[in-house]
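Counting convention: from 1, in listed order, for ligands and their atoms alike. Start at 1 with the first residue, then count along the sequence.
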Amino acid sequence: MWRADDAGGRVFPRKPSLRSAVEPFIAMDVLSAAAKLESEGRDIVHMEVGQPGAPAPAGVLEAARLALKDGRLGYTEALGIRTLRQRIARHYGETYGIDLDPERVAVTTGSSAGFMLAFLGAFDAGARIAMAVPGYPAYRNILSVLGLEAVEIPVGPDTHWILTPDHLRRAHRETPLSGLLIASPANPTGTMTPPEELEALVATCNELGIRFISDEIYHGLDFAGRAETALRFSNEAIVINSFSKYYCMTGWRIGWMVLPEYLVRPMECLAQSLYISVPDLSQRAAIAAFDCTQELEAIKAGYARNRTLLLERMPKLGFQAIPPADGAFYVYASVARFTNDSTSFARRMLEEASVAATPGADFDPARGHLTMRFSFAGAEEAMQEGLSRLERWLA
Ligand SMILES: Cc1ncc(COP(=O)(O)O)c(C=O)c1O
């Protein structure tokens, strides 16, 4: 594969690195296909990405305007501006009754960068990290580019789509694990790990010497009981969160981590070199997000109505085996009645019905050919329109 340059000398192999060979993030590919159709004048209902239809709350926008007026946006400390780290720590007091030292908070460019830092800072190459499948696809892709191994543990209706201590023990017995990553509420199933189950998982990890990583990005978006933070049960857990979902700030690319003390400095050094700092504008705006609860709760009430609508109408359209969707903003449904190839089904749905949704292969490589995920984070009218289009298309 060596190619000559213009002068005929040997230069470099004209092929990408082996480690860059990750599967595409299909939801993003669907977003891209939908954007192309929109650029050609088509009207698309977006149910593919987990992205709030609402803009960031008014208080956040106002804080951003003030920051812009101030004019100077610079690098910040790599772990984030102190006022934001303090405000995040206060949020743990207000929401969970947990007293958190702001020094343990690291602000990141979305939770996506949080995962990168956490995996780099906590594990050496070759480490095995367990997670539930179906699950968020970027986990396995990030792990794979970093030379780590994703150990995907299939979960299903028998355990309410929750990964249990039994699953963990079995996987660890087969080949020892270094980490466990749990999301509750979960993407794509919307299931929540109840507090006592979370506590049992944390205890099992402690007993087996497995690091616990808790993806709490969908906290605040719970429709059947409040999500508990892993910090309740352990100061050793790495907790990852974001302003993207409840706070409606996907495009601002800002999230945070809560770290055990010994990981703070290593993460700071990694962040300094990997991306220097999180955008100053997003940080200054995000401070206001925690004081926009009234507006955010109204948006959440809209999701709750969308959820009721989809859970009621989708089974009538032939979508089956839908997990409870207790949290987050997704309906994950079997499309076995229509197809055994959900990827081409999704393509046809986009082209013929102008509804964008994500095929299950993104979340579950083995079983996802029979499932699809629909996000209900959009406006209520958009959800109504999406369902009507699907009804006509499937008739
Ligand atoms: C479970 C989960 N974790 C993390 C992310 C990444 O979000 P962000 O980088 O915007 O914080 C997403 C996005 O959809 C997600 O669903």
With sequence neighbours excluded, residues passing salt bridge (Lys or Arg N to Asp or Glu O under 4.0 Å) with Arg284
Asp70, Asp280
When you look at CD of Gln272, are more than 12 heavy atoms from neighbouring residues, nucleotides or ligands closer to it than 6.0 Å?
yes
Arg65: partners by side-chain hydrogen bond (donor to acceptor under 3.5 Å, both in side chains), with sequence neighbours left out
Glu62
Contact list for residues 166-187, test salt bridge (charged side-chain N to carboxylate O under 4.0 Å, His left out), sequence neighbours left out
Arg169-Glu207
Testing Asp215, Ile213, Leu168, Leu163 for side chain to side chain contact (heavy atoms under 4.5 Å, CB included) with Ile182, which one passes?
Leu163
Assign the ring pair Phe329 / Tyr218 to parallel, tilted or perpendicular, where the plane angle (0 to 90°) is split at 30° and 60°.
perpendicular
What are the distances between nitrogen or oxygen atoms of ligand 1 and protein nitrogen or oxygen atoms, counting only those under 3.5 Å?
unit_1, atom_1, unit_2, atom_2, d
ligand 1, 3 (N), Asp215, OD2, 2.7
ligand 1, 7 (O), Ser111, OG, 3.3
ligand 1, 9 (O), Ser111, N, 3.4
ligand 1, 9 (O), Ser112, N, 3.0
ligand 1, 9 (O), Ser112, OG, 2.5
ligand 1, 9 (O), Arg253, NH2, 2.8
ligand 1, 10 (O), Ser244, OG, 2.6
ligand 1, 10 (O), Arg253, NH1, 2.8
ligand 1, 11 (O), Ser111, N, 2.7
ligand 1, 11 (O), Ser111, OG, 2.8
ligand 1, 11 (O), Ser242, OG, 2.7
ligand 1, 11 (O), Ser244, OG, 3.4
ligand 1, 14 (O), Lys245, NZ, 2.7
ligand 1, 16 (O), Asn187, ND2, 2.7
ligand 1, 16 (O), Tyr218, OH, 2.6

